[in-house]
Amino acid sequence: MIRRLEGETPAFALHTAGSSYLFRVLPSGHLEQLYYGRRIDPEGAEELASLTEKRSFEPGGVIRYDDADPPLVLEDTCLEMSSGGRGDIREPFLELVHPDGSRSSDFLFETAEITAEKPPFRTLPGAYAEEGRAEHLCVTLRDRACGLRLELHYYVWPDCDCISRSARLLNDSAGTVEVERLLSLQLDLPDSGYGVTCFHGAWVREMDRDTLTLPAGKFVMESRTGSSSSRMNPFFLLHDPLATEERGDAWGFNLIYSGNHYEAVEVNAFGKTRVVTGINPQGFRWLLEPGESLEAPEAVMAFSPEGFGGVSRSMHRFVREHIVRGEWKHRPRPVLLNSWEASFFDFNEESLLALAGEGKRLGIELFVMDDGWFGERRDDSRSLGDWDVNLQKLPGGLKGLSDRLRALGLDFGLWVEPEMVNVRSRLYEAHPDWAMAIPGKPHSEGRKQRLLDLANPAVQEYLIEKMTEVFSSADIRYVKWDFNRIFSDVFSPSLPPERQGETAHRYVLGFYRVMEAITARFPHILFEGCASGGNRFDLGGLCYFPQIWASDNTDAVSRVRIQEGYSFGYPLSVLGAHVSAVPNHQTLRQTPEDTRFHVAAFGLLGYELDLRRLGEEEKAAMAREIALYKAWREVFQFGEFYRGRSGNLHEWTCVSPDRSRAAGLLFQELMRPNTQSERYFAGGLEPESRYRFRSGDPCGLHEREDTLASGASLMSAGVKLAPGFSGTGRDETVRLFLDFSSRLYLMEKI
Ligand code: DGJ
């Protein structure tokens, strides 16, 4: 609900079920942020007075905005939007260079309008409501000196306790303005001492979680790789430093954008905390001509007094309901078998069919042919860009393969990496100027490939048409859309020198335009995003890809941490997770088969190994795993996720929305000898209801008697692990819970 509160100057209250966000117009015309936290319902101006700043003098060393009494000191005021120059020296929301070279701006309140619709973004994807309706507040500010207009958009998503924000800058003046930054969200809190939790990493080590408390100064989280990046995910948390999974005030933030992003938390000299998020200003410079406008991506925030778990579940609902769209939004995702770790580039139609046939016997539903099917692609040094099937490998073309898979009863999925080109390709020979590189200068390559210049509309058109041709050439039900390098030598041959600062953002806009067109043409295809694993795992991508391959690391021990990291901001329904061979390809680690399955089951289960090399017993276990996953798939994929302990032990529970079914995981990294047997504590159950509790171990190693227990006792008293029989070598029944061991439990309400 959005309310306009009348008083001396207008104020606005944005309410979700559990949170309130309040701001008002100051007599000067600036927007003062008043409150973001637990739900409160102030009646009007009088009640708001207690939330507002009262300053009777200005301290030395600050800038007084004007002659008003009491004085307005912008540096010490919580603001909804800040631009530099008039005394606020903190992180600005907006930075402009005016035609006369000056940099000060001053945007003041002009109008506000509350509507029930979300106007579609013209250049960027955003959150949406199914019926097209949304609670929307647009506040228009104007810089009277230069004539520029700034729209601040606020949306309330009551079903998931989220509020989103975006901005649009319109040049109503007669001169060209240089935009050096236009962020998406600014939140000023009146105090400090908050914890900041961020998710950083690298290839095969995505989503490492770290927390710090910020006493003063600035902490920056950002990506400069061109994509949203594994280096730092755009999702982060601000929280009470003592917050836990269940308790404590916590705010979560994310950005609906797939390019260079920037998040900063700044504690200033007056103990106020500012949070900003948006497109990374580093390297960004946009020329805004008279009559033009520039949109900032939408950013989302959630507040919960119920700690990290509360924020995560709000974000999960937001992603499931308002980001993921199309035919696959609520549709159970198929169990897939991917050819990559089974055969890399070395395959032909017969070997693929042999692999797929094994998969079918075990219960696989979708077979995905990964990299290597086109042009002269024998390794990663050539042919990206030449999207014509290699008839030596696949004599019947894509159609021949898909027909034969269909005859086996399998759906066909295809890998592509359309945004890239190898110099050793026919595409590059024909269009060297379509690659992103600085003419006449050496180019630094990544994975022996270059980015196509998606800032160029001709390249966008070509990709839309070429991919349409490929995706129409066979019965393709799934596409894995890969993106295997980061940006370097950022330069668009299609843009003039003075617009090169627009290249990285124009690339992202081009990517969205291509995805918008392709997903509209192929609504039935399930698109999975991928960027060497999780190098582009973000809400912008999820507007087009209902799921994303979380990491090239398929080692179960690494995956527990990676998937748990994602779970803070993203639901399991978007998270690709595969069982692979041991020793693991990335870590050379040996983990038990049941652990590999248990971990991958908490996500979108797939397999990625050469099934033909497995023994009959292993295959039988896999068939049981897949059958179990199918029977519980709705819970794993679309359930509410509860994290328990996280450290040497990881404890997860997924609960169906009606709380009638739940699946639990207890995973141990390293066993400590001679300790008591462990317990599993469930999360998210109905305390009063009774549940049938059983082992969900399809490998038959950890059988236990079914028990009946109340939700309360499963959550508070926990359940002691039953002994497993992987032993010490001396006595197989002694050791209960080994290195890399895990247990899967199933709970059903009776
Ligand atoms: C990187 C992906 O993450 C892998 O799964 C695989 O598709 C390779 N690219 C293929 O080149």
Side-chain angles (χ1 to χ4, degrees), residues 201-207 225-231 233 258 333 336-347 352 355 366-387 389-390 393 412-422 424-425 445-452 467 470 476 478-486 526-538 541 545 547-555 558-559 562-563 566 574-581 584-587 596 600 603-610:
W203 176 67
V204 301
R205 192 171 46 74
E206 294 87 348
M207 298 304 275
T225 65
S227 64
S228 50
S229 161
S230 54
R231 312 297 197 273
N233 195 271
S258 307
R333 310 293 162 71
L336 66 81
L337 173 62
N338 180 297
S339 68
W340 182 242
E341 289 196 13
S343 37
F344 297 102
F345 297 101
D346 185 17
F347 59 77
L352 290 179
L355 180 63
L366 164 73
F367 181 78
V368 180
M369 176 171 63
D370 211 280
D371 196 352
W373 58 267
F374 49 92
E376 304 289 310
R377 189 83 165 163
R378 284 189 292 277
D379 53 40
D380 63 7
S381 69
R382 70 194 89 190
S383 292
L384 279 178
D386 297 342
W387 299 107
V389 72
N390 179 322
K393 288 185 178 180
F412 174 45
L414 186 68
W415 176 97
V416 288
E417 193 180 2
E419 297 162 72
M420 302 285 172
V421 65
N422 287 122
R424 290 171 74 186
S425 68
E445 301 213 340
R447 210 201 186 198
K448 310 180 189 86
Q449 63 196 52
R450 297 185 180 194
L451 283 140
L452 286 174
M467 287 303 119
V470 173
I476 295 169
Y478 160 106
V479 165
K480 178 176 171 189
W481 185 290
D482 210 342
F483 176 84
N484 279 309
R485 64 158 291 178
I486 65 172
L526 171 60
F527 285 91
E528 176 154 1
C530 173
S532 304
N535 205 29
R536 192 161 66 181
F537 202 113
D538 60 68
F545 307 109
Q547 58 191 61
I548 301 181
W549 177 228
S551 175
D552 272 356
N553 188 341
T554 51
D555 164 50
S558 311
R559 269 292 182 142
I562 292 170
Q563 292 175 207
Y566 282 116
V574 305
L575 206 153
H578 297 176
V579 173
S580 64
N584 178 265
H585 284 265
Q586 295 79 30
T587 60
R596 283 178 277 147
L604 305 170
L605 178 69
Y607 287 77
E608 184 153 346
L609 72 169
D610 193 346

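Counting begins at 1 with the first residue of the sequence. Atoms within a ligand are numbered from 1 in the order they appear, just like the ligands themselves. Computed from a predicted structure; not experimentally measured.
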To check your reading of the model: name the closest protein heavy atom to [atom], its residue, and the distance in Å.
{"atom": "atom 6 (C) of ligand 1", "value": "D370 OD1, 3.4 Å"}
{"atom": "atom 9 (N) of ligand 1", "value": "D482 OD2, 2.7 Å"}
{"atom": "atom 11 (O) of ligand 1", "value": "D371 OD2, 2.7 Å"}

Which residue in the set Q449, R424, E376, K448 passes side-chain hydrogen bond (donor to acceptor under 3.5 Å, both in side chains) when paired with S381? R424
Scan S230, S532, S551 and name whichever one has a side-chain hydrogen bond (donor to acceptor under 3.5 Å, both in side chains) with E206.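 The passing option is S551.
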Which atoms of ligand 1 have any heavy atom of G533 under 4.0 Å away? 3 (O)
Numbered atoms of ligand 1 (with element) below 4.0 Å of W415, judged on heavy atoms: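 Here the atoms of ligand 1 in question are 7 (O), 10 (C), 11 (O).
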Closest heavy-atom contact between E528 and G576?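 Closest heavy-atom pair between E528 and G576: OE2-CA, 3.8 Å.
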Can you name the nearest heavy-atom pair linking A600 to A577, along with the distance?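 In terms of heavy atoms, the two residues are closest at O-CB, 3.6 Å.
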Is there any N or O on [X] that sits under 3.5 Å from an N or O of ligand 1?
{"X": "E608", "answer": "no"}
{"X": "D552", "answer": "yes"}
{"X": "C530", "answer": "no"}

Heavy-atom contact check, 4.0 Å cutoff: does R447 meet ligand 1? yes
Could you tell me the separation between the [atom1] atom of [X] and the [atom2] atom of [Y], rounded to the nearest 0.5 Å?
{"X": "L352", "Y": "F347", "atom1": "CG", "atom2": "CZ", "result": "5.5 Å"}
{"X": "D482", "Y": "D552", "atom1": "CG", "atom2": "CG", "result": "7.5 Å"}
{"X": "R559", "Y": "Y566", "atom1": "CZ", "atom2": "OH", "result": "8.0 Å"}

Which one of D386, D380, D379 satisfies the salt bridge (charged side-chain N to carboxylate O under 4.0 Å, His left out) criterion with R382?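 With R382 as partner, D386, D380, D379 yield a single salt bridge (charged side-chain N to carboxylate O under 4.0 Å, His left out), made by D379.
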Is K480 touching ligand 1 with its side chain, its backbone, both, or neither, if touching means heavy atoms under 4.0 Å apart? side chain
Please classify the N484 to ligand 1 contact at 4.0 Å (heavy-atom distances, strictly less than): side chain, backbone, both or neither.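 Just the side chain.
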